[in-house]
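Shown next, in structure tokens, is the structure this report addresses.
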Amino acid sequence: MRTPATDVIFSVGAAGEGTRPLAPGDSLGTITLARGSSTLKLRRAFNERVSFTSETAYQPALTESGDYTITSTNTLKSALARFAALTLTFRDNYDSQAVLRGARVKNDGEILVGLLTTF
């Protein structure tokens with residue numbers, strides 16, 4: 001869907017993935033698997049100065065139902081001048097298998113405040 005103020009894009013695909021542990025990692029060796037991918041992208045301009053963008057992807061393993069990742073990036077942008085804008089971004093990553101690979105938690109996120117310039 002596309003209008004002058006809004007874009008909504010949905011895509012679906014598949015990809016191969018390989019994981020090779022580094023020393024002194026575990027002894028499982030290289031793991032390969034096929035992943036599906038579905039992505040939703042959204043852009044919305046509220047007015048000439050303020051806009052919002054979002055991209056969220058769900059990537060399940062095609063052979064194991066409990067193995068998936070979800071990544072999401074959401075940005076609010078406010079124009080300060082013709083050449084500069086203030087951005088506020090929230091990024092979040094979820095990996096259902098992260099703890100099994102040695103991570104402390106399955107989820108990590110960050111909030112970024114930035115100054116975007118164009119020239």
- [ ] Could I get the full list of salt bridge (charged side-chain N to carboxylate O under 4.0 Å, His left out) partners for Asp7, not counting sequence neighbours?
- [x] Arg2, Arg43
Open item on the list: Taking side chain to side chain donor-acceptor pair (under 3.5 Å) as the definition, give me every residue that meets it alongside Ser96, ordered by chain and number, with sequence neighbours left out.
Closed with: none
Open item on the list: Just to verify, what does Thr39 make a side chain to side chain contact (heavy atoms under 4.5 Å, CB included) with, not counting sequence neighbours?
Closed with: Ser11, Ser37, Lys41, Glu55, Ala57
Open item on the list: Could you work out, with salt bridge (charged side-chain N to carboxylate O under 4.0 Å, His left out) as the rule, every residue matching Arg49, not counting sequence neighbours?
Closed with: none
Open item on the list: My understanding is that only residues two or more places apart in sequence, or in another chain, count here; which of them pass side chain to side chain contact (heavy atoms under 4.5 Å, CB included) with Ser72?
Closed with: Thr56, Asn74
TODO: Report the residues that fulfil side chain to side chain donor-acceptor pair (under 3.5 Å) with Ser38, sequence neighbours left out, ordered by chain and then residue number.
DONE: none
TODO: Please list, chain by chain and in numerical order, all residues satisfying salt bridge (charged side-chain N to carboxylate O under 4.0 Å, His left out) with Glu48, sequence neighbours excluded.
DONE: none
Open item on the list: Please say yes or no: joined through hydrophobic side-chain contacts below 4.5 Å, possibly via intermediate residues, are Phe83 and Leu116 part of one cluster?
Closed with: no
Task: Non-hydrogen side-chain atoms of Val50 and Leu76 separated by less than 4.5 Å - done: yes
Task: Residues which pass side chain to side chain contact (heavy atoms under 4.5 Å, CB included) with Leu100, listed by chain and number, not counting sequence neighbours - done: Gln97
Open item on the list: Restricting to non-hydrogen atoms, name the atom on Gly114 and the atom on Leu86 that form the minimum distance, rounded to 0.1 Å.
Closed with: O-CD1, 3.3 Å
Open item on the list: Under the criterion side chain to side chain contact (heavy atoms under 4.5 Å, CB included), I'd like the reasoning laid out for Met1 against Thr6: C-alpha separation, chi angles, the key distance, then a yes or no.
Closed with: CA-CA 8 Å; Met1 180 184 97; Thr6 305; 3.9 Å; yes
TODO: Under the side chain to side chain donor-acceptor pair (under 3.5 Å) rule, collect the residues that match up with Thr89, sequence neighbours excluded.
DONE: Thr75
Task: Test item: Ile9 and Leu42 side chains (from C-beta on) under 4.5 Å apart, heavy atoms - done: no
TODO: Look up atom CG in Leu112 and atom CZ in Phe90, then write down how far apart they are to the nearest 0.5 Å.
DONE: 10.0 Å
Open item on the list: If the condition is side chain to side chain donor-acceptor pair (under 3.5 Å), which residues does Thr69 pass it with, not counting sequence neighbours?
Closed with: Gln59
Open item on the list: Are Phe52 and Phe46 packed together at the side-chain level, in the sense that at least one heavy-atom pair is separated by less than 4.5 angstrom?
Closed with: yes
Open item on the list: Filter on salt bridge (charged side-chain N to carboxylate O under 4.0 Å, His left out), then keep only pairs touching residues 69-94, sequence neighbours left out; what's left?
Closed with: Arg91-Glu110
Open item on the list: Let's go through Asp95 and Ile70 carefully: what are the C-alpha distance in whole Å and the side-chain angles of both, what is the deciding distance for side chain to side chain contact (heavy atoms under 4.5 Å, CB included) to 0.1 Å, and is it a yes or a no?
Closed with: CA-CA 7 Å; Asp95 183 343; Ile70 300 171; over 6 Å; no
- [ ] Not counting sequence neighbours, which residues clear ring-ring contact (aromatic ring centres under 6.0 Å, His included) with Tyr94? List them please.
- [x] Tyr68
